[in-house]
Amino acid sequence: MSRFNALKADAHWQKVWDDRRTFAADDSSPKPKSYVLEMFPYPSGRIHMGHVRNYTMGDVLARFRRMRGFEVLHPMGWDAFGMPAENAAMEKKVHPRGWTLENIATMKAQLKRLGFALDWTRELATCEPDYYGQEQALFLDLYESGLVYRKESAVNWDPVDMTVLANEQVIDGRGWRSGALVERRKLSQWFLKITQFADDLLEGLNGLEHWPDKVKLMQENWIGKSEGLQFRFKLNGETAGADEVEVFTTRPDTIFGSSFVAIAADHPIAQALAAADPEVAAFVELCKAGGTSAAEIETQEKLGLDTGIRASHPFDSNWQLPVYIANFVLMDYGTGAVFGVPAHDQRDFEFASKYGLPIRRVVSEGDKTAPEFHDAEAYTGPGTLVNSHFLDGMDVPDAKRAVITRAEAGGWGTGTTVWRLRDWGVSRQRYWGTPIPMIHCEGCGVVPAPRESLPIELPQDVSFDVPGNPLDRHATWKHVDCPKCGKPARRETDTLDTFVDSSWYFIRFASQPKDKPFDKAIAEQWLPVGQYIGGVEHAILHLLYARFWTRALNHMGMIDVTEPFAGLFTQGMVTHASYYQIEESAEGVERKLYFEPSQIARRGDGTAFLTGTDEDVIVGRVEKMSKSKKNTVDPTEIVDQYGADAVRWFMLSDSPPERDLEWSESGIEGAWRFVQRLWRLFDGLAECADAEGADKDLDKKLHRAIAGVAQDIEALSFNKAVAKLYELVNAIERAQPSASRTAAVRTLARIAAPMVPHLAEEAWAAMGGEGLIADAPWPEVDPALLVDDEVTIAVQVNGKLRHTLVMPKGSAKDVLEAAALAADNVVRTLDGKAPKKVIVVPDRLVNIVA
RNA sequence: GCCCCUGUGGCGAAAUUGGUAGACGCGACCGACUCAAAAUCGGUUGCCGCAAGGCAUGCUGGUUCGAGUCCGGCCAGGGGCACCA
């Protein structure tokens with residue numbers, strides 16, 4: 001009996017698959033097509049366990065679909081533009097391109113080592129001109145269709161480094177390198193009109209049956225359709241040429257509870273006031289403090305400044321409301337102005353409490369109807385309108401309609417739909433991204449770059465010695481002649497958001513001609529992606545942008561697909577305990593000093609210490625593997641130790657794929673033991689190959705497993721498929737030699753093949769299987785073997801289990817009832833009392849109510 | 001601050017979607033094999049109890065003949081928030 005030599009088998013079969021191009025997808029295959037895709041990785045350096053888990057799941061599905069007779073497209077590529085390459089350039093004095101390509105080479109080798117059934121002939125990297133040049137062409141198409149425009153928008157500005165910062169680079173309101181307090185600064189930037197598709201993107205969610213509900217709900221909330229009233233307040237006096245201010249509200253019903261009007265700091269009225277009044281100017285300046293992220297803005301202290309302007313209530317011109325400039329009002333949402341109803345909006349409540357503004361109840365809460373409001377927080381629930389003139393007695397929805405009707409009849413407002421979704425700002429003031437193919441000419445304005453000038457390539461000779469965009473500082477790159485008038489002009493030096501790169505890569509995988517972004521007919525053969533797999537962290541942005549991009553292409557007639565991903569699966573993270581010691585700096589500040597798992601040993605009582613010493617180490621939380629916590633485990637080391645199949649098996653075992661998986665040494669060892677156990681079954685087959693006779697029980701278990709594993713893989717419930725394989729292996733091991741057992745072992749190789757493909761190929765070859773097991777069909781199920789003729793019936797008294805009965809399947813209700821009532825334990829429990837009621841669920845249970 | 005998710009033995013989990021809670025794996029314990037160890041194989045393992053039995057799915061209240069599953073309130077942990085990818 002031999003041991004399975006995983007390292008040898010891995011290398012051998014990976015070479016065979018490569019040489020035969022087993023997993024190259026054939027566009028012209030007559031088979032039904034299936035497109036399985038995992039989110040492509042950012043080439044950050046090395047593969048991490050999260051990648052291994054993600055790609056193993058996709059791989060099992062891809063291999064399974066192949067066995068089921070599909071022509072499968074399962075490609076891989078690199079989301080290769082992004083900030084880390086520029087950071088590496090600054091810190092390690094390397095070129096972003098060289099750094100990225102090196103990472104790609106490393107990570108590709110690591111992926112190949114895991115034996116994924118990938119079509120490497122379609123590999124692409126978004127940082128190559130082949131790819132981003134076609135992206136520039138698509139950007140021009142969008143521009144010509146009116147889906148691209150330019151507007152001012154706020155960025156995080158580091159006043160010391162004089163550079164734009166990503167939200168990630170703002171830590172506690174300060175620039176991560178300079179430590180300077182960050183402020184919001186306006187910049188003219190490129191935007192894509194995603195809001196034009198807001199309704200379509202929302203409606204489209206209904207058709208996505210194979211998406212998780214939670215992701216659909218998150219997108220729905222993100223798009224944030226709300227119906228409301230847009231209306232004008234008359235102002236006492238004129239400011240910036242305006243004698244009115246337009247506000248939007250989703251709660252027009254509460255209009256009689258309003259006690260102030262608030263406008264954004266960058267509202268035109270606020271700007272005009274600031275120009276004339278230094279006090280206002282100072283306040284507007286104060287509102288610019290801090291970064292642009294929602295979390296930061298919304299947790300900031302609420303600040304307001306009374307402008308002295310008064311607004312007339314639309315239903316009572318004698319009722320004057322103060323107009324404030326407030327830092328929590330966003331210019332980007334609605335009209336940049338709101339009216340405040342403190343009793344029924346928490347933010348307004350806090351604001352009114354702080355500035356001593358009236359708080360009036362206008363919606364009843366239970367029996368509370370008086371206008372005086374004494375609660376500690378706003379009431380936002382349902383109720384009846386009170387203290388509201390003609391609205392009194394209506395419920396909230398009726399009152400909303402009534403106010404909108406009056407406003408429209410009176411000509412001072414209209415019922416409107418507004419969206420939380422904002423247009424997509426794609427300009428980035430950075431080098432390592434797709435250059436935006438636009439030219440700025442003093443005479444002609446913005447001019448698109450001519451198609452024949454594409455790809456507009458990034459210059460290679462750039463320096464990262466000083467902060468800021470190297471493209472802007474480059475001596476020659478941005479200087480071009482205007483395509484229209486021929487005079488000297490300036491190239492756009494902003495690059496595209498990397499989310500643009502990932503918004504269409506799945507189309508380019510399906511078809512990648514040299515002269516255009518994709519071939520419509522070929523791409524449509526594969527699209528939409530049948531199953532897309534990736535992290536939940538992409539539930540909103542990436543997935544929404546890709547949906548938008550696909551719809552935009554559809555809108556332009558370039559593709560007959562509206563939704564890019566028919567099926568979506570969001571997988572959990574790979575986690576591990578972190579280990580640290582508390583270190584105190586000279587100033588007395590405590591900080592955690594992390595250690596790698598390989599440096600740690602455990603004592604019997606669970607405490608940990610540094611290997612080779614007796615220094616105690618604190619065992620921290622089990623959390624996402626990350627370099628900063630040093631709790632990562634390098635997959636390649638593990639694969640070299642245990643083989644690809646054991647790693648794959650572990651990634652699929654135990655934890656449901658949508659939940660987090662905790663990496664453990666014992667887990668991978670368990671997986672390795674199972675691989676060896678499987679091998680012993682295959683290897684031992686020769687000794688009893690000519691065994692005869694049927695084993696009906698084992699036949700049943702086998703066919704149950706074939707059906708069950710198929711169902712579980714199709715549902716991506718890999719942990720359940722794994723459990724079913726364990727059960728089958730347990731059953732086979734316990735069975736006596738027979739023809740049934742021999743058949744079960746041979747079939748087992750095929751059922752396990754998608755998960756442990758190297759072992760399966762080795763076994764298949766040893767058993768004299770024809771061709772590759774990768775090309776073998778999934779075994780057929782005999783439906784007759786799936787039915788049981790006997791069932792176990794639970795017998796309950798008052799819902800508590802007292803007995804079980806084994807009865808023929810389909811036994812009549814009265815038979816079951818009689819058998820249940822006759823059971824010893826039931827008689828004892830009833831203690832002579834007559835049952836009040838008996839509930840019988842055929843083939844399942846009898847519940848006696850006493 | 002806003003949106004979303006999760007919570008079941010010592011641990012990862014399963015439960016045909018309202019019908020026998022704990023399949024399967026890990027760990028632990030006992031035993032076989034061995035000079036010994038590893039590997040392997042067999043057994044035990046939710047908690048309390050000698051047993052009969054009772055108690056158990058984060059806490060709490062409800063609906064139901066019956067709740068891990070449905071509804072209300074709370075607690076804890078996690079993900080996202082538009083320039084991280």
Side-chain angles (χ1 to χ4, degrees), chain A residues 3 39-42 44 79 81-84 153 155-156 164-170 189 194 212-215 217-222 224 291-300 302 328 332 346-347 350 420-430 497-499 501-502 535-542 544-545 570 572-573 575 606 621 623-624 653-656 658-662 664 666-667 669-671 673-674 676-677 680 717 719-720 722-727 730 733 792-804 836-839 841 844-850:
Chain A
R3 172 168 281 207
M39 291 178 185
F40 66 164
Y42 176 78
S44 55
D79 188 13
F81 276 137
M83 276 203 312
S153 166
V155 293
N156 299 306
V164 176
L165 298 177
N167 283 338
E168 190 193 43
Q169 299 171 318
V170 179
Q189 308 195 64
I194 188 171
D213 287 338
K214 66 165 177 179
V215 174
L217 190 58
M218 280 196 259
Q219 292 218 347
E220 189 182 319
N221 290 333
W222 187 261
T292 59
S293 81
E296 196 172 338
I297 290 168
E298 301 209 15
T299 51
Q300 256 176 0
K302 285 158 194 61
F328 64 86
D332 292 328
Q346 186 57 25
R347 213 156 45 171
E350 285 166 28
R420 208 188 76 98
L421 181 68
R422 306 196 300 257
D423 277 333
W424 177 12
V426 293
S427 292
R428 298 293 180 269
Q429 296 69 42
R430 277 192 268 279
D497 179 3
T498 55
F499 274 125
D501 309 333
S502 54
V536 238
E537 65 273 19
H538 295 291
I540 296 175
L541 293 179
H542 161 58
L544 192 64
Y545 291 145
T570 52
M573 299 175 300
T575 60
R621 285 193 308 131
E623 55 195 320
K624 181 175 179 169
S653 306
D654 294 352
S655 281
E658 67 277 12
R659 250 190 264 175
D660 291 351
L661 170 73
E662 188 184 345
S664 72
S666 56
E669 278 169 11
R673 279 200 301 272
F674 179 72
Q676 294 300 335
R677 243 175 99 191
R680 282 196 296 276
S717 300
N719 56 322
K720 295 190 218 168
V722 161
K724 288 191 174 107
L725 282 168
Y726 269 116
E727 279 181 90
N730 288 344
E733 282 178 344
T792 308
I793 309 283
V795 180
Q796 301 176 332
V797 178
N798 292 330
K800 279 198 195 314
L801 184 73
R802 295 295 168 190
H803 190 65
T804 56
K836 284 187 195 138
K837 192 173 167 188
V838 179
I839 288 143
V841 183
R844 184 127 317 162
L845 62 67
V846 181
N847 188 14
I848 298 155
V849 186

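Within every chain, numbering begins at 1; the chains are lettered A, B, ... in the order of the sequence lines, protein sequences first and strands thereafter.
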Query raised in the report: Where the side chain of A/Asn847 meets the backbone of A/Gly799, is there a donor-acceptor pair that is under 3.5 Å apart?
Result: yes

Requested in this report: In whole angstrom, give me the gap between the C1' atoms of B/rA56 and B/rG49.
Outcome: 15 Å

Query raised in the report: If the C1' atom of B/rA14 is compared with that of B/rG25, how far apart are they to the nearest Å?
Result: 11 Å

Query raised in the report: Has the side chain of A/Gln429 got a donor or acceptor atom sitting under 3.5 Å from an opposite partner on the base of B/rC83?
Result: yes

Query raised in the report: Would a 4.5 Å heavy-atom cut-off, applied to side chains only, mark A/Gln429 and A/Gln189 as touching?
Result: yes

Requested in this report: Pick base, sugar-phosphate or nothing for A/Gly667, based on heavy-atom distances below 4.0 Å to the nucleic acid.
Outcome: nothing

Report task. Please state whether the rings of A/Tyr726 and A/Phe674 are parallel, tilted or perpendicular, taking 30° and 60° as the class boundaries. Result -> tilted

**Report entry** Separation of the C1' atoms in B/rA38 and B/rG19, to the nearest angstrom
**Finding:** 47 Å

Report task. Using a heavy-atom cut-off of under 4.0 Å over every strand shown, decide if A/Val164 touches base, sugar-phosphate, or nothing. Result -> base

Query - Atom pair distance, as rounded to whole Å: CZ in A/Arg673 and C1' in B/rC26 - result: 8 Å

Requested in this report: Establish, with yes or no, whether the OP1 or OP2 oxygen of B/rU6 is under 4.0 angstrom from a side-chain nitrogen or oxygen of A/Lys214.
Outcome: no

Report task. Classify the side chain of A/Gln346 and the base of B/rC2 as holding, or not holding, a donor-acceptor pair under 3.5 Å. Result -> no

Query raised in the report: Does A/Asp423 reach the main-chain N or O of A/Ile194 with its side chain, forming a donor-acceptor pair under 3.5 Å?
Result: yes

Query raised in the report: For A/Ile839 and B/rU64, what is the distance between atoms CD1 and P respectively, to the nearest whole Å?
Result: 13 Å

Requested in this report: Establish, from distance only, whether the side-chain atoms of A/Asn167 and A/Thr292 form a donor-acceptor pair under 3.5 Å.
Outcome: yes

Query raised in the report: Roughly, in whole Å, what's the span from CE in A/Met573 to C1' in B/rA85?
Result: 15 Å

Requested in this report: Measure from the side chain of A/Glu298, starting at C-beta and using heavy atoms only, and say which of B/rU20, B/rA82, B/rG1 lies closest.
Outcome: B/rG1

Query raised in the report: Considering only side-chain heavy atoms of A/Ala166, which listed nucleotide, B/rC4, B/rC83, B/rG19, is closest?
Result: B/rC83

Requested in this report: Whole angstrom is fine here: how far is it from CD in A/Glu296 over to C1' in B/rG80?
Outcome: 17 Å

Query raised in the report: So what does A/Ser502 touch, heavy atoms closer than 4.0 Å: a base, only the sugar-phosphate, or nothing?
Result: nothing

Query raised in the report: Using the C1' atom in both, what is the distance from B/rA15 to B/rU69, to the nearest Å?
Result: 10 Å

Requested in this report: Remember a base hit wins even if backbone is also touched, and classify A/Asn221 as base, sugar-phosphate or nothing at under 4.0 Å, heavy atoms.
Outcome: sugar-phosphate

Requested in this report: Let me know the distance between OH of A/Tyr545 and C1' of B/rC81, rounded to the nearest Å.
Outcome: 11 Å

**Report entry** A/Thr498 side-chain N/O to B/rA85 phosphate OP1/OP2 under 4.0 Å
**Finding:** yes

Query raised in the report: Which part of the nucleic acid, if any, lies within reach of A/Pro41 when heavy atoms closer than 4.0 Å are counted: base, sugar-phosphate only, or nothing?
Result: nothing

Report task. Would you classify A/Glu537 as touching base, sugar-phosphate or nothing, given that sugar-phosphate means primed atoms plus P, OP1 and OP2, and contacts are heavy atoms under 4.0 Å? Result -> base

Report task. Between B/rA21, B/rC41, B/rC84, spot the one nearest the side chain of A/Arg680, thanks. Result -> B/rC41

Query - B/rA82 and B/rC47, which share atom name P, separated by this distance in whole Å - result: 48 Å

Report summary line: Taken to the nearest whole Å, NE2/A/His538 to C1'/B/rA82 is 14 Å

**Report entry** Span that lies between the C1' atom of B/rG68 and that of B/rA13, in whole angstrom
**Finding:** 13 Å

Query raised in the report: Does a side-chain N or O from A/Arg659 land closer than 4.0 Å to OP1 or OP2 of B/rA14, or not?
Result: yes

Query raised in the report: Looking for any heavy atom pair under 4.0 Å, which part of the strands does A/Trp424 touch: base, sugar-phosphate only, or nothing?
Result: nothing

**Report entry** Distance, rounded to the nearest Å, where A/Lys720 contributes NZ and B/rG12 contributes C1'
**Finding:** 15 Å

Requested in this report: Tell me, with the steps shown, if A/Gln300 and A/Glu296 meet side chain to side chain donor-acceptor pair (under 3.5 Å).
Outcome: CA-CA 6 Å; A/Gln300 256 176 0; A/Glu296 196 172 338; 4.9 Å; no

Requested in this report: Classify the nucleic acid contact of A/Gly224 as base, sugar-phosphate or nothing, counting any heavy atom under 4.0 Å across all strands shown.
Outcome: nothing

Query raised in the report: Just to confirm, is there a sub-4.0 Å distance from OP1 or OP2 of B/rC55 to any side-chain nitrogen or oxygen of A/Lys800?
Result: yes

Query raised in the report: Can you check whether A/Asn167 has a side-chain N or O nearer than 4.0 Å to OP1 or OP2 of B/rA82?
Result: yes

Query - Out of B/rA13, B/rC65, B/rU20, whichever nucleotide has its closest atom nearest the side chain of A/Leu801 - result: B/rU20

Requested in this report: Looking only at side-chain atoms of A/Arg802, point me to the closest of B/rG12, B/rC24, B/rG54.
Outcome: B/rG54

Query raised in the report: Measuring from A/Gln796:CD to A/Ile848:CD1, what's the distance to the nearest 0.5 Å?
Result: 9.5 Å

Requested in this report: Answer yes or no: does a side-chain N or O of A/Asn719 lie under 4.0 Å from OP1 or OP2 of B/rA14?
Outcome: yes

Query - Length of the CZ-C1' vector between A/Arg422 and B/rC2, whole Å - result: 13 Å

